Amino acid sequence: MRTWCRAILVSCILSVMMLNLSYADEDIPVHEFKVGVLANHGVLQAKQRWQPMMDYLSENVPNSRFEVVPVDFNGMRSQLLSNELQFIVTNPGQYLHLSNNFPLSWLATMKSRKHQGSTFTIGATIIVRADSPIRSLQDLRGKNVVASDPQALGGYQAAMGLLHKMGYLPEQFFGQVRFLGFPLAPLIYQVRDGSADAAIAPFCTLEEMIETGLINKADYRVIHPTHPPGYDCEVSTQLYPNWSFAAADTVSPRITMQITRALFDLPADHVAAITADTLGWTAPVSQLKVIELFKELQLQGAAPPLYQTVYKWMEKNKEWGGVLLLIFIVSTIYHLWLEYKFRQKSEFLVSTERQLKDKALQLERLQSAAILGEIGAGLAHELNQPIAAITQYSEGAMLQLERLGQDNPELYDILGKINAQSIRAGAVVHRIRGLLKRRQSKAEPLNVTLVVKEALALLRRELDRAGVQVTVLVEGHPFEVLGDSVGLSQMWVNLVKNSLDALEACEEHRARQLRIEIHYQPTEIKVLVIDNGEGLQRQASELMASFASTKDAGLGLGLAICKDVVSRHHGSIEIENCKQSVHAQLPWQQGCVVTVVLPKG
């Protein structure tokens, strides 16, 4: 029986031990904490200074990891409001501002590594150039000064307290105050460069910049200087408590106790203390001096805003105030309603007038299109027979020469050209008839470069007569595309003819140039027709519309036909002045550039 009980006891002990081991193997969650630090010397410097302190806390507070977050005054307030920060390290002035809206508690006050470990190291130093005529606080009246922030205790607020103690009205004392924010070095640089008469900087900022070699000591002076016993720097104001470590109410008391114990136990020779420029931490110091300063500044504040005065009057005269407020609200609502109705009617009238103009323009264009369709159909029908006759006569003449065996290559070549042009004219007529009847054009493999050069050959005599210098540039590996040869040829002729008309309007002494660039790209062909003529006289969108022309004898169909041809080839066309073009490699800035893009497929 005893053996059986002993076996059961041993089994229970082993079970408990195995259960403890299984719990020990489970991962204990690590709490992430963010500590907002006032970055008065910049974000990078704040991280370098305070991250070792965060690493020290991570090592000494179990299951916790701390991260430094450099912020300015407004950033600290907004991140506390959104619960992004659990702790802050800042001056007591900022703490008092924040504690009015957030439940915060001080954990420890920092002991300065300088000044024999003092906990009162926040103050303001008023700095001027060494050659400045400013010698006293009185000389600063009406001058332009710079400071970091209106909420900076070790700066603007301490200086305002000093002026108040000296019997001046702080808000009306300086001519202009500019707040530059963080980092602090630009405050001193503004004085150096003469952009400001004086700078209000935190205690020891001047000495730290001199020590790091950023400025020369002989170039600056301190106004109203004092050198308290045991301190290493000059200061213009009295000193206030040092920075402190505070916690938000979202942190559990157990964590705050562990952090406070770790801060108090921080050795002065630890790397975290050396990097943070502290001898360690001590119990929170009384904020009485800061509270008294804020009371003085509030008593000497500017006149209350108008809304506060109105609010107080409303409290004393509630009946009359209520009536006036009701009348004001009703009048405002009635005025807004009238304005809304008036704007609604105005917009309706403007919209109706615009629609009437659009309808009239559409009707005019439809009438023009109908007339042009009838004329075009008649012309195409009438021209088809003489063109066919020319083709047959030229072919017959060529056959007659061959049959007679007469060796006259020049005459045979001329007849061949007549035959080719008559065939082309017939194709154009058939295409016009197909366009009027909305027939689909036949696609065939085309060499775009060859089509462009053929269009130039048709207009060669006119180009030479106008003295136009034509340049054709081909880039890339040429390839064929499927398209309508007649339509594309007609498009290039129209574009070159437009450039020719623009060049003929130029002055006689100016060189007239036409440049055609053909860029073969992997998925498309981009063709640029560039001239140095007079450029566009109207918007490109207007010129693309049917029956829109800038020529006295023009029908306004050239660019509309070009747009139709490009759309049938699933491409795009763009026309713009050279000086407004996005193409950076245009040969000149005056004139017009037409960009046609045809897809490879």
Side-chain angles (χ1 to χ4, degrees), residues 38 40-41 73 91-94 112 114-115 120-212 214-229 231-242 289-290 292-294 296-297 300:
L38 198 61
N40 53 0
H41 288 285
F73 291 110
N91 63 61
Q94 176 70 356
S112 175
K114 302 176 182 178
H115 323 302
F120 279 75
T121 58
I122 292 182
T125 305
I126 304 176
I127 304 165
V128 298
R129 286 167 54 114
D131 57 357
S132 173
I134 300 174
R135 297 289 175 180
S136 64
L137 288 176
Q138 175 63 29
D139 297 336
L140 285 169
R141 184 186 295 275
K143 302 299 183 182
N144 296 331
V145 300
V146 289
S148 60
D149 194 277
Q151 299 182 37
L153 174 64
Y156 182 73
Q157 291 180 339
M160 294 299 99
L162 172 64
L163 292 175
H164 174 252
K165 287 183 178 296
M166 300 297 292
Y168 302 114
L169 294 176
E171 291 76 13
Q172 304 174 8
F173 186 75
F174 297 114
Q176 181 186 16
V177 180
R178 289 184 291 121
F179 298 103
L180 306 183
F182 298 134
L184 299 173
L187 299 176
I188 311 302
Y189 295 151
Q190 290 274 315
V191 175
R192 178 197 64 188
D193 300 337
S195 301
D197 299 315
I200 302 175
F203 181 46
C204 284
T205 299
L206 181 64
E207 286 77 7
E208 290 173 358
M209 294 181 65
I210 293 172
E211 183 179 350
T212 55
L214 296 176
I215 57 175
N216 296 322
K217 180 178 180 181
D219 296 338
Y220 301 92
R221 284 188 292 105
V222 175
I223 298 300
H224 197 262
T226 59
H227 204 140
Y231 285 80
D232 303 330
C233 307
E234 286 187 319
V235 66
S236 301
T237 67
Q238 68 171 333
L239 295 174
Y240 298 91
N242 204 353
K289 282 191 174 183
V290 182
E292 291 176 348
L293 170 65
F294 286 173
E296 292 175 359
L297 295 180
Q300 287 298 119

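Residue numbers count from 1 along this sequence. Nothing here was measured: the structure is a model prediction, and the numbers come from that model.
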Please check if the side chain of [X] supplies one atom and the backbone of [Y] the other of a donor-acceptor pair under 3.5 Å.
X	Y	result
R141	F173	no
R192	P186	no
T125	E234	yes
N144	A196	no
D149	Q151	yes
T205	A201	no
D232	H115	yes
H224	S236	yes
T226	P228	no
D193	Q190	no

inquiry  = Under a 3.5 Å cutoff, is there a donor and acceptor pairing between the side chains of S112 and N242?
reply    = no
Closest heavy-atom pair, A158 versus T237, reported as atoms and distance to 0.1 Å, is O-CG2, 3.5 Å
What one should report as the nearest heavy-atom pair of A198 and V191 is C-CG2, 3.7 Å
Applying side-chain hydrogen bond (donor to acceptor under 3.5 Å, both in side chains) to Y156 and not counting sequence neighbours gives none
Nearest-0.5 Å distance, [atom1] of residue [X] to [atom2] of residue [Y]:
X	Y	atom1	atom2	value
Q238	F203	CD	CZ	12.5 Å
L153	L38	CG	CG	11.0 Å
S132	I127	OG	CD1	12.5 Å

